[in-house]
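Data block below; observations after.
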Amino acid sequence: MTNKIMSKKLLMICGLSATLFASATYADSKIKGTGGVSSIDGSSGGGLIPWATLGSYAMDNEIGATGFITRAEINDFELAVAGVSANYHDRIEVSLARQKFTIKANDASISQDKIGLKVKLAGDVIYGAMPQISAGLVYSKLRDPATAVAVGADSVKGNEIYLSGAKVWLNSIANRTAMLNINARYSEANQYGLLGFGGDDQDKKLQWELAAALFITRSVAIGFEYRQKPDNLSALTEQAAQDIFIAWFPNKNFSVTAAWLDLGEIAGSEKQTGTYLSIQGAF
């Protein structure tokens, strides 16, 4: 009960922060929507994966920040995430996120902290022929390690690194703005790190991720994401995750993203599908 109350308070605080962010306009030089939204790791991207974009709308002479809250409801589980990120001169992004994963049947939960660093290496998401290329690092540490140890994970903390490329075309399909992002991620994370890292059945560590989006109006984008995941635990099958999303950007300081999720099998529970909602404030 205490954890539930603390979770609600955390969501309320982050929700208030997002509302306050919506009134700020410190960094707003980019085109609306091109900063992406917030991934469940805390970094700029879609819901499931980071993108090569950096959070907020900061350009090379600006500093920007974001704050977000996310909730996913699938058949047997819930995931609540709250986080913040900072963008320095459209070159470096630092992010922090807290995840809480709850089993509906018994209200047991697993919490995890994630710290992210992303560096823009080359190119630009809009201007020029070259895609924007970014490299990222995500450090994860479980606050509740008992479950990861019980299922055979090698560690309750770990690092993931990824290389990401993204490009936006302003006059694409039906004269609409379109975006494509591809990631290569080196990871041993079990279920995003919620079940620890590594195990007794080491799978290939290089995973591929894909996202595509199309702006159907200047303020509304639709798209999908796909995320491979390693399958390291012989006792528990892990499958790729995917979503279909719609994101609304009424202005540069506020966005709402909703999605349908298919997360496959999680901890022995098959066909985990459901919904996702995320609110972000940026300045």
Side-chain angles (χ1 to χ4, degrees), residues 13-70 81-98 113-128 130-139 162-168 170 177 179 181 183 211 213 215 218-221 223 245 247-257 278-283:
I13 291 169
C14 291
L16 178 59
S17 299
T19 302
L20 292 174
F21 287 154
S23 64
T25 57
Y26 184 57
D28 64 350
S29 297
K30 294 182 182 177
I31 296 173
K32 185 168 65 174
T34 54
V37 292
S38 295
S39 71
I40 57 174
D41 289 345
S43 175
S44 166
L48 287 178
I49 65 174
W51 297 350
T53 56
L54 273 63
S56 80
Y57 294 92
M59 291 294 284
D60 57 7
N61 60 344
E62 297 175 326
I63 297 174
T66 66
F68 76 96
I69 54 173
T70 293
V81 189
V84 293
S85 74
N87 177 346
Y88 179 76
H89 290 190
D90 196 30
R91 181 61 60 179
I92 298 173
E93 178 193 86
V94 180
S95 60
L96 173 66
R98 167 77 57 83
D113 291 329
K114 287 183 173 285
I115 301 172
L117 173 67
K118 188 191 299 183
V119 179
K120 179 180 176 181
L121 301 178
D124 188 86
V125 71
I126 295 179
Y127 304 108
M130 185 176 183
Q132 181 164 318
I133 307 297
S134 299
L137 169 69
V138 182
Y139 170 77
Y162 61 90
L163 187 67
S164 182
K167 192 62 182 173
V168 169
L170 298 179
T177 298
M179 186 280 301
N181 186 98
N183 296 345
F215 275 83
R218 292 182 180 272
S219 300
V220 178
F245 67 84
W248 176 46
F249 302 88
N251 54 57
K252 290 185 177 182
N253 306 120
F254 185 73
S255 67
V256 180
T257 305
S278 183
I279 299 172
Q280 176 185 274
F283 70 94

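Keep in mind the model is a prediction, meaning the values are calculated, not measured. What you see below is based on every heavy atom in this structure, not just the backbone, and it leaves out hydrogens, waters and symmetry mates. By convention here, the first residue in the shown sequence is residue 1.
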Item to check | Nearest heavy-atom neighbours spanning Lys118 and Thr53 | outcome: NZ-O, 2.7 Å

Checklist entry - When rounded to the nearest 0.5 angstrom, what is the spacing between CG in Leu170 and OG1 in Thr177? => result 5.0 Å

Item to check | side chain to side chain contact (heavy atoms under 4.5 Å, CB included) between Val125 and Lys30, worked out | outcome: CA-CA 10 Å; Val125 71; Lys30 294 182 182 177; 5.9 Å; no

Next on the checklist: Can a side-chain donor-acceptor contact be found between Thr66 and Ser85 if the only test is distance below 3.5 angstrom?
Outcome noted: yes

Next on the checklist: Would you compute the distance between atom CG of Leu121 and atom CD1 of Ile133 and round it to the nearest 0.5 angstrom?
Outcome noted: 8.0 Å

Checklist entry - Which one of Val84, Val81, Ile279 satisfies the side chain to side chain contact (heavy atoms under 4.5 Å, CB included) criterion with Phe68? => result Val81

Checklist outcome for this item: Heavy-atom closest pair (Thr70 atom, Ser278 atom, distance to 0.1 Å) is OG1-OG, 2.7 Å

Next on the checklist: Between His89 and Asn61, does the side chain to side chain contact (heavy atoms under 4.5 Å, CB included) criterion hold? Intermediate values first, please.
Outcome noted: CA-CA 5 Å; His89 290 190; Asn61 60 344; 5.6 Å; no

Item to check | Which atom of Ala58 lies closest to which atom of Ile63, heavy atoms considered | outcome: CB-C, 4.0 Å

Checklist entry - Should the heavy atoms of other residues, nucleotides or ligands under 6.0 Å from CZ of Arg91 be counted, would the total exceed 12? => result yes

Next on the checklist: Here's one to test your reading of the geometry: is the NZ or CZ of Lys252 within 45 degrees of the ring axis of Tyr57 and under 6.0 Å from its centre?
Outcome noted: yes

Next on the checklist: Given 3.5 Å as the limit, does a donor-acceptor pair link the side chain of Ser44 with the main chain of Gly35, or not?
Outcome noted: yes

Next on the checklist: Any side-chain to backbone donor/acceptor pair from Asn183 onto Pro50? Under 3.5 Å, distance only.
Outcome noted: yes

Item to check | For the student: nearest non-hydrogen atoms of Phe245 and Ala213, plus distance | outcome: CZ-CB, 3.9 Å

Checklist entry - When you measure from the side chain of Asn181 to the backbone N and O of Ala52, does any donor-acceptor pair fall under 3.5 Å? => result yes

Item to check | Interatomic distance, Phe249 atom CZ to Ile31 atom CD1 [nearest 0.5 angstrom] | outcome: 13.0 Å

Checklist entry - Short question: side chain of Glu93, backbone of Gly55 - any donor-acceptor pair under 3.5 Å? => result yes

Next on the checklist: What's the separation between atom CG in Asp60 and atom CG in Asp124, rounded to the nearest 0.5 Å?
Outcome noted: 10.0 Å

Checklist entry - Would you say the side chains of Ser95 and Ser43 form a donor-acceptor pair under 3.5 Å? => result no

Checklist entry - To the nearest 0.5 Å, how far apart are CG in Asp41 and CG in Leu96? => result 11.5 Å

Checklist entry - Between Gln280 and Val37, what is the shortest heavy-atom contact and its length? => result OE1-C, 3.2 Å

Checklist entry - Taking the side chain from Asn253 and the backbone from Ala282, do they hold a donor-acceptor pair closer than 3.5 Å? => result yes

Checklist entry - How about Trp248 and Ser219: do any of their side-chain heavy atoms sit closer than 4.5 Å? => result yes

Checklist entry - Quick one: NZ on Lys167 to CE on Met179, what's the gap to the nearest 0.5 Å? => result 12.5 Å

Checklist entry - If you look at every heavy atom in Trp51 and Gly36, which pair is closest and at what distance? => result CZ3-CA, 4.2 Å

